[in-house]
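Since the structure comes first, as C-alpha cells, the remarks are kept for the end.
Please read all numbers here as calculations on a predicted model, not as lab measurements. A note on names: the letters A, B, ... follow the listed sequences, proteins ahead of strands, and every chain is numbered from 1.
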Amino acid sequence: MRLSQSLGKTIREAPAEAETVSHQLMLRAGLIYQVAAGLYAYLPLAYRSLRKIEEIIREEMNLAGAQEVHMPALQPLDIWEKTGRDKALGETLFRVKDRRERDLVLAPTHEEVVTSLVKSNVNSYRDLPLIVYQIQTKFRDEPRPRAGLLRVREFLMKDAYSFDSDEAGLSISYDKMSQAYKNIFERTGLPTLVVEADSGAIGGKDSQEFVLQAEAGEDTVLTCESCGYAANLERASFGLNPLPAEKEKPLSEIATPGTTTIAEVANAVGVEESRILKSVFYISEGKLVFVVIRGDLEINEIKLGNTLKMPDLRIASGEEVRAADIVPGYASAVGREELFVVADESINSGVNFVVGANKDGYHLLNANFPRDFKADVMADVALAKEGYNCPNCHSTLNARKGIEVGHIFKLGSFYSDRLGATYLDEHGKEHSMIMGCYGIGVGRLLAAAVEQNHDDKGIIFPNPIAPYQVHLISLNSDNDSVAELSDSLYQMLQGHGFEVLYDDREESAGVKFNDADLLGMPVRLIVSQRNLREQAVEVKLRSEDSGRLVPIEEIVDAVGAMLKTD
RNA sequence: CGGGGUGUAGCUCAGCUUGGCAGAGCGCUGCGUUUGGGACGCAGAGGCCCCCGGUUCGAGUCCGGGCACCCCGACCA
C-alpha cells in the first residue's frame, strides 16, 4: 500500500478526549475514528490488524475441532425472557422494535440463540460433543464506555460454545478451548496471564480469564511468583496469618466511649486490629444481612453475592441498620440470635476477640465462636490484597493491573434446561446438554496489544498482527534513482510475499521517520541518496534503536530473516 | 445513576473575569527554496463559537434549560 493513497492520516497532538495510551496512539496513528461514545470505525490499517487476529483465532479454533457459524446480532426479545437474562442484563441490553412493534434486542452475546440452534439440530448423544464458534459484533449499552477500544458499546467478539453429554465431557471441551486460547495468545505475540476468575451469577464451577498485563487495565490480578497461583481480585483467596493460640476466656464488658471504627477500638482497647471482629450490614430485597469478619480484613462483595445468591445486594443505610435495632459502631452478633448472620472464615483463625456490646459506648472482650454467637452461613467472603499470603504456599501475593482479553466458563445446564436443549442417551433417556462458553474480545485485544507494545514514539506492533510487515521509506523521492529503487523494491518485496507499506509521500525525512515510529510496523527500510551511494538500503527493526546497511541485492533475504527471528 | 471537567477552524487551545470586527500554533491548498529525525518564505482556504430560550442597542462572553464528550465512582459474565 502506498501511504500517499492510504486512508487515515497521522496527527501530531493527541485529541484531548484520549487519556489512555492505546486510545491516544490509535487516534494519532489514524487507526480508528470515534463516531460516538464507545462506537468506533476501524480504518484500513487497524482493520488489517484486526483481520490478522481473526485469522489466528479461526485457525486455532478449527484446529481444536470447533465449527464456525454465524448467528444474527438482532434477536427476538422472547428468547431472552425464557432464560431471564433480559432482567439480569437490565439496561445493558440494547432493545429495539421492528415496524410491527415486535420487541427485539441487539445481542450482547449468543448463548440463547446458539442453544436454540443446537437444540433443533442435535437430538442424540451420537452428535455430541460439539463446539461451535463465530466472530460477531456484540452490543452492550455499557454504563460507561472508556479508554478508546478497551470498553466500547459495539465490539467484535469471538464466542464459542461447547455442548457435551456430561460434566466429564465438558471438562475435555473446556481444556481444549483453554489450550486453544493459550495457542492464540502465544501466536499473536501477546503474553497473557491465565487467572482463576469469578464466573458471575450464572456461571458454573470453573472459569478462567486470560489477562494481558497493562496499567490501563480494569482488572486487578493477584499472583504468587513462587507457586504460580493467579486469580482475579474478585475471586482470589489468601492464607491468613494465624493468631496466637490461647485458652478461651470469659466474656467481659469494657467501656469504649466514642470509638466506632476498628482503628479507634484497637487503639482504645490496646489490641491488634486482627483481634477485633468487624460487623458490616447489607440489604437484599428488604432483608438485613449481618456480616462478621476479622477486623483487619475487608469484605469482597462479589464473593458475598455469590455465596448468598441474593439479588440486589447492597450496603445498608444508617437508617436501615438502626431500624433493625443495631447500634452502629457497637454491633455484634452476640445475643442477636434473630439476625441472619454471615461469618467470614477468618473468625475461626483465633479466639478471644473484641466485639461490640450492642450498646452505645461499650465493647465485649473475649468473644468466641461458636460459644458466644452463631452464624447462619460460614464462607470465605474476604477481599484479598497485595502482600497477603498465597493460599497455596507460604509466599506473598503481588497485585497487577491487566486487561481481560479472553474468558472461558463452564456453564453447565443453565441454558439447555431453560431452552429445552436435550439429547437422548444410549438408553433412550433424555438429558440436558452440558455447556461451556468461551469468549475473546477481538477489538479489545488489538487495543491491548497497543497498550502493551509501545514506546514514547509510538506503536510497536508484534509481527503476527502488524497491519504490514515492512515500512518502506523513500527519503529523497524527487531523486530519480531513489524513486526508481524504491518503486522496484516495493514491487519486489510484494512479489516475495511481504506486506509492504510504502511511504512515497513528498514529506521531509523527519516526518517520515516519526510516522514510521508512530505506526509501528516491525521492519523499516530506508532508501535514500546517501544509502544509494553505498549501493545499500538501511534495514531496522521498530523494536530496536539502530539499523544496518544491507546491500540492495540482499534485501529480500535480510527482511525475511528479520521477520523470522523477531 | 452520583461526583468532577470540557464544548470556539480538521487537531491542540487562547478569547469569556469586565458584552463591542472571530484569534494563535499545528494541519490543509498553491508557488518557490529545502531534504537522514516533525524545515523555511510568500500567498490562500477553512467558523451553526454544541443547541434552544432569555437579558441587552449589541451575546462566543451574562442568565436559564437541554445535549454531547471525557475522567472518577457505582454498574458491567
request  = Would you tell me whether A:H110 and A:Q136 have side-chain atoms, one donor and one acceptor, within less than 3.5 Å of each other?
outcome  = no

request  = Go through the structure and list residues passing ring pair (Phe, Tyr, Trp, His ring centres under 6.0 Å) with A:F185, not counting sequence neighbours.
outcome  = A:F210

query = Between the side-chain atoms of A:R144 and the base atoms of B:C71, is any donor-acceptor pair under 3.5 Å?
reply = no

task = Kindly point out which of B:C11, B:G36, B:C76 is positioned nearest to the side chain of A:P15?
result = B:C11

query = Is the base of B:G36 touched by the side chain of A:S528 through a donor-acceptor pair closer than 3.5 angstrom?
reply = yes

query = Touch check for A:E111, heavy atoms < 4.0 angstrom, all strands: base, sugar-phosphate only, or nothing?
reply = base

ask   = Going by modelled atom types, is there a donor-acceptor pair between the base of B:G36 and the side chain of A:R533 at under 3.5 Å?
value = no

ask   = Side chain of A:E507, base of B:G38: donor and acceptor closer than 3.5 Å?
value = no

inquiry  = Need the pair for B:G10. Rule: Watson-Crick or G-U wobble, both distances under 3.5 Å, any strand; none if unpaired.
reply    = B:C26

request  = Answer with base, sugar-phosphate or nothing: what part of the nucleic acid does A:D515 contact at a heavy-atom distance below 4.0 Å?
outcome  = base

ask   = Quick one: does A:R28 reach the base of B:G38 with a side-chain donor-acceptor pair under 3.5 Å?
value = yes

query = Who does B:C69 pair with, Watson-Crick or G-U, both distances under 3.5 Å?
reply = B:G5

request  = Go through B:C71, B:C75, B:G36 for me and flag the one nearest to the A:P143 side chain.
outcome  = B:C75

query = Within the modelled atom types, does a donor on one side and an acceptor on the other bring the side chain of A:E13 and the base of B:G38 under 3.5 Å apart?
reply = no

message = Please give the distance between the C1' atoms of B:A68 and B:C50 as a whole number of Å.
response = 7 Å

message = A quick test of your reading: do over 12 heavy atoms of other residues, nucleotides or ligands sit less than 6.0 Å from OH of A:Y47?
response = no

request  = Would you indicate what A:R505 reaches in the nucleic acid, counting non-hydrogen atoms under 4.0 angstrom: base, sugar-phosphate, or nothing?
outcome  = nothing

query = With a 4.0 Å cut-off on heavy atoms, is A:N514 in touch with a base, just the backbone sugar-phosphate, or nothing at all?
reply = base

